[in-house]
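First the proteins, then the strands, lettered A, B, ... as listed; each starts at 1. Because the structure is a prediction, the values reported are computed rather than measured.
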Number of protein chains: 2
Amino acid sequence: MTTARRAILKALENSEDHPDALMLHDRAKEFDPTIAQATVYRTMRLLEQEGLVEKHDFGNGRARYEEAEKEQHDHLINLSTGEIIEFHDTDLEALKIEIAKRLGFDLKDHRLELYGVPKE
Amino acid sequence: MTTARRAILKALENSEDHPDALMLHDRAKEFDPTIAQATVYRTMRLLEQEGLVEKHDFGNGRARYEEAEKEQHDHLINLSTGEIIEFHDTDLEALKIEIAKRLGFDLKDHRLELYGVPKE
DNA sequence: ATAAATATGCGAATGAGTTGCATATGCAGT
DNA sequence: ACTGCATATGCAACTCATTCGCATATTTAT
């Protein structure tokens, strides 16, 4: 547990917005001004492997991260603002498992993103 | 309509396996041996913009393509083999739209991939 | 406190995809 | 078919996110 890692973890805890590696680097600098980009990348990879963090690709070139804790959820991206909204739907979860089963598979993972614009 | 583009289109028609740009380049060489990578990339971008092709990211670094025609479908990736299976589920479609609506959005696009291993 | 193990910073390397530019090609209009 | 011009191509150089090598610094086990 190093200064750099503590800085990254704090930056992550303070972030509610699915930050990317660059944002995390900036935010972590507040707690460890000398932290390097490479360290952020290395640490995020580690955290992801440990299952403490989830990595997402919302299609903007950079990977985005969030703490892996809360109940399973999916994301809706507001195409007008880029805002990311989390949602959870039990029917949807069940349906995903059911579809995989129907195709002869055990569902191990999945990725669902909805892209939408605000109504009217 | 150039030789290079015809080659790429033929390569694409002959491909049932969601090829990436490298695979398409190789396959297009059969019809135009001097075709360049850059041309494949440029053409795929064009085809995607024209809506003739869909670009997917199945999480292996390279974008994968398929002709945009058939009815809307999602993908299940067999984690054991890398094979990509297409499926369509009406309930799922309806549910996605319904969830977006519930959150106050009109669904414009979505991305769903299931990752699974063969049962038992 | 010391040594062995691990993490860091830096800059260089990677790899997918893009781009600048000079040349080649497709496509009118004749 | 022929000329002109717009567009596409090949090539090599470039971008940008991410990774890596390595010498040094920090942790952790002893």
Tell me which donor-acceptor pairs under 3.5 Å the side chains of residues 104-115 of chain B have, and how far apart each pair is, sequence neighbours excluded?
{"unit_1": "H110(B)", "atom_1": "ND1", "unit_2": "K96(B)", "atom_2": "NZ", "d": "3.1"}
{"unit_1": "H110(B)", "atom_1": "NE2", "unit_2": "Q72(B)", "atom_2": "OE1", "d": "3.3"}
{"unit_1": "R111(B)", "atom_1": "NE", "unit_2": "E113(A)", "atom_2": "OE1", "d": "3.2"}
{"unit_1": "R111(B)", "atom_1": "NH2", "unit_2": "D57(A)", "atom_2": "O", "d": "2.6"}
{"unit_1": "R111(B)", "atom_1": "NH2", "unit_2": "E113(A)", "atom_2": "OE1", "d": "3.0"}
{"unit_1": "E113(B)", "atom_1": "OE1", "unit_2": "R111(A)", "atom_2": "NE", "d": "3.2"}
{"unit_1": "E113(B)", "atom_1": "OE1", "unit_2": "R111(A)", "atom_2": "NH2", "d": "3.1"}
{"unit_1": "E113(B)", "atom_1": "OE1", "unit_2": "Y115(B)", "atom_2": "OH", "d": "3.0"}

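- Looking at heavy atoms from C-beta onward, V40(B) lies out of side-chain contact with Q37(B) at the 4.5 angstrom threshold.
- Residues that satisfy the side-chain hydrogen bond (donor to acceptor under 3.5 Å, both in side chains) test with T90(A), not counting sequence neighbours, are absent from this structure.
- Picking from dT19(D), dG17(C), dT19(C) the nucleotide with the shortest atom distance to the side chain of R45(B) gives dT19(C).
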Each nucleotide N or O in nucleotides 25-30 of chain D that has a protein N or O under 3.5 Å away: list the pair and distance.
{"unit_1": "dT27(D)", "atom_1": "OP1", "unit_2": "T3(A)", "atom_2": "OG1", "d": "3.2"}
{"unit_1": "dT28(D)", "atom_1": "OP1", "unit_2": "M1(A)", "atom_2": "N", "d": "2.9"}

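- Taking atom CE of residue M44(B) and atom P of nucleotide dT9(D), one finds them 13 Å apart after rounding to whole Å.
- Rounded to the nearest 0.5 Å, atoms CD1 (I99(A)) and CG (D74(B)) are 7.5 Å apart.
- E98(B) pairs by the side-chain hydrogen bond (donor to acceptor under 3.5 Å, both in side chains) definition with R102(B), not counting sequence neighbours.
- Among pairs with a residue in residues 35-52 of chain A, none fulfils salt bridge (charged side-chain N to carboxylate O under 4.0 Å, His left out), at least two apart in sequence or across chains.
- In this view, K29(A) and D26(A) satisfy the salt bridge (Lys or Arg N to Asp or Glu O under 4.0 Å) rule, not counting sequence neighbours.
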List the atom pairs, donor and acceptor, that lie under 3.5 Å between side-chain atoms in residues 3-24 of chain A and the rest of the protein, sequence neighbours left out.
{"unit_1": "S15(A)", "atom_1": "OG", "unit_2": "A11(A)", "atom_2": "O", "d": "2.6"}
{"unit_1": "S15(A)", "atom_1": "OG", "unit_2": "R27(A)", "atom_2": "NH1", "d": "2.7"}
{"unit_1": "D17(A)", "atom_1": "OD1", "unit_2": "R27(A)", "atom_2": "NH1", "d": "3.0"}
{"unit_1": "D17(A)", "atom_1": "OD2", "unit_2": "R27(A)", "atom_2": "NH2", "d": "2.9"}
{"unit_1": "H18(A)", "atom_1": "NE2", "unit_2": "E66(A)", "atom_2": "OE1", "d": "3.3"}
{"unit_1": "H18(A)", "atom_1": "NE2", "unit_2": "H75(A)", "atom_2": "NE2", "d": "3.1"}
{"unit_1": "H18(A)", "atom_1": "NE2", "unit_2": "E86(A)", "atom_2": "OE2", "d": "3.1"}
{"unit_1": "D20(A)", "atom_1": "OD1", "unit_2": "L22(A)", "atom_2": "N", "d": "3.0"}
{"unit_1": "D20(A)", "atom_1": "OD1", "unit_2": "M23(A)", "atom_2": "N", "d": "2.8"}

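- Partners of T2(A) by side-chain hydrogen bond (donor to acceptor under 3.5 Å, both in side chains), not counting sequence neighbours: none found.
- Between R5(A) atom CZ and dA5(C) atom C1' there is a gap of 12 Å when expressed in whole angstrom units.
- A ring pair (Phe, Tyr, Trp, His ring centres under 6.0 Å) check over residues 31-50 of chain B, counting only residues at least two apart or in different chains, returns nothing.
- Following rounding to the nearest Å, Q49(B) (CD) and dA8(D) (P) show an atom-to-atom distance of 12 Å.
- Pairing each heavy atom of V53(B) with each of M44(B), the nearest pair is CG1-CE, 3.9 Å.
- The phosphate of dT18(D) (OP1 or OP2) has no side-chain N or O of R62(A) nearer than 4.0 angstrom.
- The distance from atom CG of N60(A) to atom P of dT18(D) is 12 Å, rounded to the nearest whole Å.
- One axis for each end of the helix from dA1(C)-dT30(D) to dT30(C)-dA1(D), each built from five base pairs, and the angle between them comes to 40° at 10° resolution.
- Residues from residues 7-43 of chain B that place a heavy atom under 4.0 Å from any atom of DNA chain C, listed by number: A38(B), Y41(B), R42(B).
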